[in-house]
Amino acid sequence: MIRASRLKALVLLLAVIGMSFTAAAAQAPSADLFMSDIRELAAFGDRGTGTPGCTAAAAFIRDRFTRLGLESIGSQQFAVPVIHHRESRLFLPDRQVNVAVQPVMLNAVAPQSIPAEGLQGSLVYVGNGELQHFNGKIVEGSIILMDIDSGKNWLHAASLGAAALVYLDRDTTPKM
């Protein structure tokens with residue numbers, strides 16, 4: 001059984017905690033402001049290290065922290081290697097299709113090793129890249145088209161001698 005003095009202390013403690021949550025909720029940014037911030041950050045596009053989007057996002061975050069009233073805001077500069085992607089295009093002459101392609105930073109590996117004169121080869125679609133999807137297809141020297149949610153199946157294309165691998169993102173894959 002709880003004594004009256006302990007019960008009063010417990011009620012007082014719960015009241016203080018309740019007031020703290022109410023005060024914090026009154027000062028907390030609204031869900032609309034949060035979503036506005038997310039939309040603005042997303043509008044910067046690629047925010048990878050060394051990109052204009054990275055610089056813009058850092059400035060936005062610093063400004064947002066300042067507007068929230070944080071007093072001690074700092075940043076640390078340091079040098080890191082950055083891959084600078086130049087334009088790459090996929091051209092299908094028989095269909096007059098010419099589309100831009102970009103490297104994907106999956107596991108931080110996205111080498112751009114296409115020679116200046118370009119790369120030619122047959123296009124071979126292998127779905128999610130499971131080994132059976134390569135059956136009956138000429139892979140050696142070909143450019144493999146593989147669904148982006150294929151895990152480590154790119155290794156099959158590499159071991160079978162593919163000249164290149166292009167991932168297809170149909171905006172239906174789960175984002176990590």
Side-chain angles (χ1 to χ4, degrees), residues 20-93 95-121 123-130 133 143-155 157-158 162-176:
S20 297
F21 282 123
T22 304
Q27 294 174 353
S30 69
D32 290 338
L33 179 58
F34 177 74
M35 286 309 297
S36 173
D37 286 351
I38 295 298
R39 281 190 286 279
E40 190 163 348
L41 282 168
F44 296 138
D46 180 6
R47 294 174 308 280
T49 302
T51 65
C54 176
T55 303
F60 173 80
I61 291 167
R62 177 181 284 277
D63 180 64
R64 190 72 186 99
F65 283 167
T66 301
R67 287 185 285 144
L68 287 171
L70 298 176
E71 295 176 10
S72 179
I73 303 168
S75 61
Q76 178 67 45
Q77 299 288 325
F78 52 94
V80 295
V82 175
I83 296 173
H84 287 283
H85 173 254
R86 291 181 224 124
E87 183 180 30
S88 298
R89 302 197 68 78
L90 178 63
F91 179 59
L92 306 175
R95 297 189 181 177
Q96 294 302 306
V97 172
N98 190 349
V99 295
V101 294
Q102 298 178 33
V104 178
M105 296 300 286
L106 300 174
N107 295 324
V109 176
Q112 183 162 344
S113 58
I114 298 172
E117 64 274 8
L119 181 67
Q120 292 186 18
L123 289 178
V124 177
Y125 176 67
V126 295
N128 69 359
E130 291 181 15
H133 294 143
I143 299 168
I144 302 301
L145 301 175
M146 186 181 297
D147 296 336
I148 197 165
D149 56 348
S150 57
K152 294 181 180 180
N153 289 343
W154 65 271
L155 291 167
L165 173 67
V166 176
Y167 284 113
L168 303 175
D169 183 5
R170 303 172 196 276
D171 288 332
T172 60
T173 58
K175 303 298 181 202
M176 303 332 145

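Computed from a predicted structure; not experimentally measured.
- The minimum heavy-atom distance linking F60 with D37 is given by the pair CZ-OD1, 3.5 Å.
- Listed by chain and number, the residues in a side chain to side chain contact (heavy atoms under 4.5 Å, CB included) with S72 amount to none (sequence neighbours excluded).
- Heavy atoms of other residues, nucleotides or ligands lying less than 6.0 angstrom from CD of Q120 number 12 at most.
- Taking every heavy atom of both residues into account, E130 and N153 meet most closely at N-ND2, 3.5 Å.
- W154 places none of its side-chain heavy atoms less than 4.5 Å from the side chain of I144.
- At most 12 non-hydrogen atoms from other residues, nucleotides or ligands lie less than 6.0 angstrom from CZ of R95.
- Of the possible polar contacts, none joining the S36 side chain to the D32 backbone as a donor-acceptor pair under 3.5 Å is found.
- If you take CG on D63 and CG on L68, they are separated by 9.5 Å, rounding to the nearest 0.5 Å.
- Between the S150 side chain and the G129 main chain, no donor and acceptor come within less than 3.5 Å of each other.
- Between C54 and R47, the shortest heavy-atom contact is CB-O, 3.5 Å.
- Of all the heavy atoms in M146 and L165, the pair that sits closest is CB-CD1, 3.7 Å.
- A163 approaches L119 most closely through the heavy-atom pair O-CD2, 4.1 Å.
- Contact record, I143 with V166: CG2-CG2, 3.9 Å, taken as the closest heavy-atom pair.
- Under the side chain to side chain contact (heavy atoms under 4.5 Å, CB included) criterion, L70 pairs with F65, I73, sequence neighbours left out.
- Taking T55 as the reference, nothing meets the side chain to side chain contact (heavy atoms under 4.5 Å, CB included) condition, with sequence neighbours excluded.
- For the atom pair L168 CG and D149 CG, the distance stands at 10.0 Å (nearest 0.5 Å).
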